[in-house]
Chemist: 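Here it is, the structure, as structure tokens.
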Amino acid sequence: MTNYEALVGGGSGGLIGAGGVSGNGSLWYWLKHMKLYRVVGLVAICLLTVPFIFYHLLLSAESGVPHNDIHRTRSQLDTFEEVSPLKAADLKLRIDEMLRIKGTVSLELRDLESRRQKLQSDIGLYNQKIDELKQELARQQTELDRLKISVEQAQVAQREAVLRNTPELALPKALFSDSLPAAVRPAGGEQRRACKMSSCFDHSRCSLTSGFPVYLYDPDAAPVVNAGYDIDGFLKTTIKQTLGYNAHLTTDPKKACVFLVLVGEALPEHEAVMKNNRYSAPQPQADRSSAAEMGSLNTTRLRSLPYWGGDGRNHVLLNFARREIGTGAGNILRGTADLDTGRAMLVQSSFEENQFRAGFDLIAPPILGPPGGDVWQECVPMLPARRKYLLSFQGELMNGQNGTMSAHGNDDTESDTVDEFIIEHLKDMSSGRTQDHFMLQFECVPATEQRNPTNVRDWSLCGTDNSRKSVLKDSTFALLLAPSGTAVSSTLLQARLYEALRAGAIPLILGGDQVTLPYAETIEWRRVVIALPKARITELHFLLRAIPDADLLTMRRQGRLVWERYLSSVQSTVDTIIASLRDRLGIPPKPVPAVVAHSVFNASFVPLKSDPVIDSEPEESLGPIEPPYPSPAFRRNYTAALMQSREMWNDWADPFALYPQLPFDPVLPSDAKFVGSHMGFRPIGKGAGGAGKEFGESLGGNYPREQFTIVILTYEREQVLMDSLGRLYGLPYLHKVIVVWNSPKPPLEDLRWPDIGVPVHVVRAPRNSLNNRFLPFDAIETEAVLSVDDDAHLRHDEILFGFRVWREHRDRVVGFPGRFHAWDVNTLDSWNYNSNYSCELSMVLTGAAFIHKYYTYLYTYALPQAIRDKVDEYMNCEDIAMNFLVSHVTRKPPVKVTSRWTFRCPGCPVSLSEDDTHFQERHKCINFFTKVFGYTPLLNTQYRADSILFKTRIPHDKQKCFKFI
């Protein structure tokens, strides 16, 4: 319209301009005098020129319009051609029509613009969907690859199952004897004295799968002591009670492998009814002599036992010393020329050379401790390594026949001369010019009276139990002088050994080559005591000074371990005797009892299921999805005791139970997985190795394939638990999930449990206790256990990497949150718990850590009850207790994996660890646990584990083991 108006305006202006010539005087004058023909020519020229001018203007306007508006220009031209002949009266109507058309076109343009924007929005949504589909395609491709790998692994497992030619070992079916011992001819004196396990024991009653059933004669129903004697009431009661706790006890004599007979400690009846005191007033000498001549054991009653079988095969005579521990005590054969005990084994603390049948009889310590329970309170701290006294001794030499022998006696026998020389040298050593302190006392005040004269010269105990303990706890070494004469072992020597180990004083036995210590077949006493010939007395001081602190503390720790497990109480003594006899026969112990996992749901209730919410995990192949595969159990029932008996008795201190698996099982050499022993192994790249792709397809490593179980402890945080369970969907190598429901309230009936592809067992806890985290549930069928809090947020790659690292450190705690114990620099006498960032760690919290199931058994059955009680008291510190336990058993620090320091899920409710008193309680826990153990077993570590190719430049066609680890 603008150009059109310009054209119209221009035309009108032209006309007006032409008519305006009459207004000009000069022009009018000129026209007035102009000839007519000139006027006609001028008009003709104007008529010819004006169209050309309009045409030129139209061309100019069209050339200035953009290319896309050419049609608009042409429309205007057409309009102009139509309007030009119109009159001015119709022009306004035409303009209004054009304006209406303009408004209509504008509306159409706006509609088109809105449509264009909608189309662009749709295009963006479609592009987003395309991207999502591409991601889903990649995810499905990864899942397809994993399924292909899973199929390949399943095919390998099928081929292995077809080719397998070894039986699947499990708990064997018990095979018992079905008859009582047959009556045979009694053994003669020479046969009895030459008894061995091969000649005097009936192995046919003790099958390898029998479980070593043991039968105890009731000492009240079948007494075997002479008239006028009675077995100590404490022993009768506690032996029956403690054997009742032993898994090997049977009440069926037909099934029994061995028969136990309690023959002592037997005391005259007037002493048996006296106050229960080992150091009560002595009886008159004449009465003691007559009693010794008669003896307490009645062999006639012994042979009349219902299952004696004529010669006493497979019978064990238990003669414990408790109240009488003087010279010659604890030997039921004392004062008898040839006591007929048949082919029965004898267990006691005192033997002479002509009485002890090595490999058949058994030397046991006297009963000096409580019936059972925690005994750590009897012990003293192991540190410092060097104490006030370098060496201590309190005793008085008792002559075998004439009672007390002074330290200054003038006997000319060789034994007397040696003893006198030792005493004089020790006195010179203690009074010499040295910075070391000694506590050596060779005469008792008041003097000790010998109650039962024998032909054994031994050193009596001076003072009371408490007075001796006060000296021993300040002694680095405790001197034990071997008895002279023909003694293989004596009750007094065993009592000194017991007291020294209890107080943490390292026993130093002069004459150690002459004696045999308790359970010498299984316990490595060289790691506990220093046994020297008496001829080494002149080099004694030099040797004691040459032992470094590390060896002192190692021997002290080992001594306490032996004392606690084998000597400290009636329970430990009885269990050790049975385990020693069973070990001789090579019979595996009874399997350790597992805790039955009772479901929190009723048998008829089926919990609701829901589809898990798939997290945006890193798209990488972490491993195949396998069907559940429990770890093989009880594969080494017979070989573990044969090959690792020394470790069982001396390192793990646990020969009393059979475990499904051990973290200390031997490892095959690398080539065995390809040559003859390939069953179960999944090497990387089938043995050729490889980078990330091949790594993700197989477990590799030094052990056969296996899976792990996740144990989650929860208390009334249902939604947090559901979120944590949902994140486990698609996790490779996961066998099952155990949810320990610590709340007394059952889960809500309408609670929807995520279906994560593996079984989820919700176990009802017996009570609300953090110790439930480490209960050895029978539902846990794998060696690897991942203990996690219900609010711990771990990625799949982190879990899988931790699992792979644990497979190489099976005996240690392997996990994510690292902590350490710090010395209190203010008090200088205690430890603090510290969670600050540090370059040194000593603990990995079990809120996100892998452990071996074996340690759940130890935590439940072997850890001192006082520690579990402290955990319940504070509702805290169970993770610290587990770190203490594992470090105590292995003497190794934990292993931290990945760089992350905290693993709490964002937005989760506040946990117990956020409480203000949390850290104060953990300070106290560390110091209390140190007191119970006698030392701090935690060890420091200065490294963490990352995958091999982490931060390593690799070719573009290779993948790393993990993208972010």
Side-chain angles (χ1 to χ4, degrees), residues 181 183 186-187 189 192 215-241 243 253 259-312 315-352 355 361 364 366-367 449-454 491 570:
R192 295 195 305 269
Y215 179 85
L216 174 67
Y217 287 99
D218 189 341
D220 294 321
V224 294
V225 295
N226 283 313
Y229 280 85
D230 193 12
I231 295 177
D232 181 60
F234 174 83
L235 285 177
K236 285 194 295 185
T237 302
T238 55
I239 293 298
K240 289 192 292 185
Q241 181 181 6
L243 268 174
F259 300 84
L260 303 181
V261 186
L262 184 61
V263 300
E265 181 178 57
L267 300 173
E269 288 183 347
H270 71 277
E271 287 194 18
V273 298
M274 293 173 62
K275 184 179 179 181
N276 187 16
N277 181 9
R278 288 196 293 264
Y279 310 106
S280 55
Q283 70 179 112
Q285 178 68 33
D287 295 343
R288 294 197 304 269
S289 299
S290 60
E293 291 175 0
M294 180 179 62
S296 62
L297 182 62
N298 189 314
T299 57
T300 302
R301 293 183 175 180
L302 189 66
R303 290 192 296 269
S304 300
L305 291 173
Y307 317 118
W308 185 257
D311 63 352
H315 278 63
V316 180
L317 308 183
L318 303 176
N319 181 40
F320 295 112
R322 192 182 82 88
R323 292 167 57 183
E324 184 181 352
I325 57 173
T327 306
N331 187 355
I332 202 171
L333 305 176
R334 180 188 62 203
T336 59
D338 188 12
L339 190 65
D340 184 8
T341 57
R343 288 189 168 95
M345 289 179 276
L346 184 57
V347 178
Q348 61 184 19
S349 57
S350 181
F351 281 99
E352 296 183 19
Q355 301 168 345
D361 294 327
I367 301 294
E449 181 181 358
Q450 184 174 356
R451 302 183 60 181
N452 297 297
T454 65
T491 302
V570 180

Chemist: I'd like to know if the side chain of R343 and the backbone of R192 have a donor-acceptor N/O pair within less than 3.5 Å.
Modeler: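 Between the backbone of R192 and the side chain of R343 there is no qualifying donor-acceptor contact (under 3.5 Å).
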Chemist: Any side-chain heavy atom of Y229 within less than 4.5 Å of one from P268?
Modeler: yes
Chemist: Would you name the heavy atoms of S304 and T300 that are closest together and state the gap between them?
Modeler: OG-O, 2.8 Å
Chemist: Under the side chain to side chain contact (heavy atoms under 4.5 Å, CB included) rule, what do L346 and T341 come out as? Steps first, then yes or no, please.
Modeler: CA-CA 8 Å; L346 184 57; T341 57; 5.9 Å; no
Chemist: Which pair of non-hydrogen atoms, one from I231 and one from P219, has the smallest distance, and what is that distance?
Modeler: CD1-CB, 4.5 Å
Chemist: Grab the two heavy atoms, one from V261 and one from L302, that are nearest each other, plus how far apart they are.
Modeler: CG1-CD1, 4.3 Å
Chemist: Look at the side chain of E265 and the backbone N and O of E324, then say whether any donor-acceptor pair between them is shorter than 3.5 Å.
Modeler: yes
Chemist: Are any side-chain N or O atoms of R301 and backbone N or O atoms of V225, one a donor and one an acceptor, separated by less than 3.5 Å?
Modeler: yes
Chemist: Show the nearest heavy-atom pair for residues I332 and L339, with the distance to one decimal.
Modeler: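 Looks like O-CD2, 4.0 Å.
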Chemist: Hey, could you give me the OG1/CD1 distance between T237 and I239, rounded to the nearest 0.5 Å?
Modeler: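 If we round to the nearest 0.5 Å, T237:OG1 and I239:CD1 are 10.0 Å apart.
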Chemist: Ignoring hydrogens and geometry, is there a side-chain-to-backbone donor-acceptor pair from D361 to M345 under 3.5 Å?
Modeler: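 Between the backbone of M345 and the side chain of D361 there is no qualifying donor-acceptor contact (under 3.5 Å).
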Chemist: Please enumerate all residues that pass side-chain hydrogen bond (donor to acceptor under 3.5 Å, both in side chains) together with T491, with sequence neighbours excluded.
Modeler: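 Testing T491 for side-chain hydrogen bond (donor to acceptor under 3.5 Å, both in side chains), a comparison that skips the adjacent residues, returns S349.
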Chemist: Quick one: are V570 and F320 in side-chain contact, heavy atoms under 4.5 Å?
Modeler: no
Chemist: Please list all pairs meeting salt bridge (Lys or Arg N to Asp or Glu O under 4.0 Å) that have one or both residues in residues 217-229, counting only residues at least two apart or in different chains.
Modeler: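 Passing the test, one end in residues 217-229: D218-K240, D220-K236, D220-K240.
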Chemist: Does the side chain of V224 come within less than 4.5 Å of N298's, by heavy atoms?
Modeler: no
Chemist: Work out which heavy atom in F234 is nearest to a heavy atom in I367; give both atom names and the distance.
Modeler: CE2-CG2, 4.4 Å
Chemist: Run the side chain to side chain contact (heavy atoms under 4.5 Å, CB included) test on Y217 and Y307 for me, step by step, so that the C-alpha distance in whole Å, both residues' side-chain angles and the decisive distance to 0.1 Å come before the verdict.
Modeler: CA-CA 10 Å; Y217 287 99; Y307 317 118; 3.1 Å; yes
Chemist: Is it the case that the side chain of N319 and the backbone of G330 share a donor-acceptor pair, with hydrogens and angles ignored and the cut-off at 3.5 Å?
Modeler: yes
Chemist: Distance from L317 atom CG to L262 atom CG, nearest 0.5 Å?
Modeler: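 Output value for this atom pair is 10.0 Å.
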Chemist: Between Y215 and H315, does the ring centroid distance fall short of 6.0 Å?
Modeler: no
